[in-house]
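In this text, all values refer to a predicted model and were calculated from it rather than measured experimentally. Here is the naming used below: chain letters follow the sequence lines, and residue numbers restart at 1 for every chain. Note: hydrogens, waters and symmetry copies are ignored here, and every other heavy atom, side chains too, is used.
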Amino acid sequence: MGRIVEVEAYIGQEDPASHARIGRTARNAVMFGPPGAAYVYLVYGMHHCLNVVTEPEGRAAAVLIRAVEPLAGIDAMRAARVGAADARRGRGAQTAELSSRRIEALPAARLASGPGLVCAAFSVARTDDGLDLCDPDSDLRLEIAAGDEPLLVTTGPRIGIDYAPEPWLSKPWRFFVPGNDSVSTAAGRNRHGAAS
DNA sequence: AGTTGGATGGTCT
DNA sequence: GACCATCCAACTG
């Protein structure tokens, strides 16, 4: 269990950074479905990314969960990270042990500090594509953080979409908690946009 | 502290 | 056959 501290928005087929830009396909079909569903896909042949479908059926939009601050079940997340690392083949047993050692030494805040790492820590895979994240009985679900004091959120440009033309490339559609240790480092967690 | 390149496979033309 | 909504190790300075 954790708190989401970094997300990115991909809005509509007109957004050239979105998987929906090419229209409905077998991979992105869930994005065109009802809101609240999980859209899970594989990137770079080895990492999964978890999104939440946000707009009514027919309009493709989703929010990518980029980072989660672990709050409970930290041992399970760590074990899942080790398991995900071990699952990769083509590496010698020695390097596998080294990577396992490195994960064991990781601070809890860094267990899900990136979109691929979120899925590794929470054991999210392609088989979770289409799940209803609003189902209170589901193992994988969203909950309202009741009782928490509101967190400061700031914005910045989205990460890893250099192929997208302006103005989309610079749209401040990445939202994160500035200074939070669990925000992804690739995104440069000390940077912040206009709003504060 | 910042940059670079390799791993790796599903998906679409 | 090209293209990735990434991560990490191994470099440079």
Value in whole Å for how far the C1' atom of C:dT6 lies from CD1 of A:Ile161: 15 Å
Taking any heavy-atom pair under 4.0 Å as a contact, classify A:Leu64: base, sugar-phosphate, or nothing. base
Given C:dC8, C:dT6, B:dA7, which nucleotide is nearest the side-chain atoms of A:Cys49? C:dT6
Give me the other members of the hydrophobic cluster that A:Leu64 sits in, counting Ile, Leu, Val, Met, Phe, Trp and Tyr linked by side-chain heavy atoms under 4.5 Å, directly or via other members. A:Tyr10, A:Val30, A:Met31, A:Phe32, A:Tyr39, A:Tyr41, A:Val43, A:Tyr44, A:Val53, A:Ile161, A:Tyr163, A:Leu169
Using a 4.0 Å heavy-atom cut-off across all strands, classify A:Arg102 as base, sugar-phosphate, or nothing. sugar-phosphate
Would you say the side chain of A:Tyr41 and the base of C:dA5 hold a donor-acceptor pair, judged only by whether the two atoms sit under 3.5 Å apart? yes
Contact nearer the 5' end of DNA chain B, comparing A:Arg126 with A:His47: A:His47
Represent DNA chain B in dot-bracket notation, 5' to 3'. Only Watson-Crick or G-U wobble pairs with both distances under 3.5 Å count; pseudoknot-style crossings use [ ] and interstrand partners use |. |||||||.||||.
Among C:dT6, B:dT11, C:dA9, which is the nearest nucleotide to the side chain of A:Arg66? C:dT6
For DNA chain B, the residues among residues 22-39 of chain A that have a non-hydrogen atom under 4.0 Å from it: A:Ile22, A:Thr25, A:Ala26, A:Arg27
Presence of A:His19 side-chain N/O under 4.0 Å of C:dA5 phosphate oxygens OP1/OP2: yes
Contacts under 3.5 Å, N or O only, protein and nucleotides 10-13 of chain C:
none

Choosing from C:dC8, C:dA5, B:dT8, which nucleotide comes nearest the side chain of A:Tyr163? C:dA5
Salt bridge (charged side-chain N to carboxylate O under 4.0 Å, His left out) with A:Glu104: which residues, sequence neighbours excluded? none
What I'd like to find out is whether the side chain of A:Leu111 reaches to under 4.5 Å of the side chain of A:Arg78, using heavy atoms alone. yes
Should A:His48 and A:Val118 count as side-chain neighbours, where that means a heavy-atom distance under 4.5 Å? no
Run the numbers on A:Phe122 and A:Leu50 for side chain to side chain contact (heavy atoms under 4.5 Å, CB included), then give the verdict. CA-CA 10 Å; A:Phe122 286 82; A:Leu50 171 64; over 6 Å; no
Just checking, is any N or O donor in the side chain of A:Gln13 or A:Ser18 under 3.5 Å from an acceptor N or O on the other one? no
Taking salt bridge (charged side-chain N to carboxylate O under 4.0 Å, His left out) as the test, write out the residues that go with A:Glu14, two or more places apart. A:Arg59
Regarding A:Arg158 and A:Asp15, does a basic nitrogen lie under 4.0 Å from an acidic carboxylate oxygen? yes
Between A:Glu69 and A:Arg3, is there a salt bridge with N-O shorter than 4.0 Å? yes
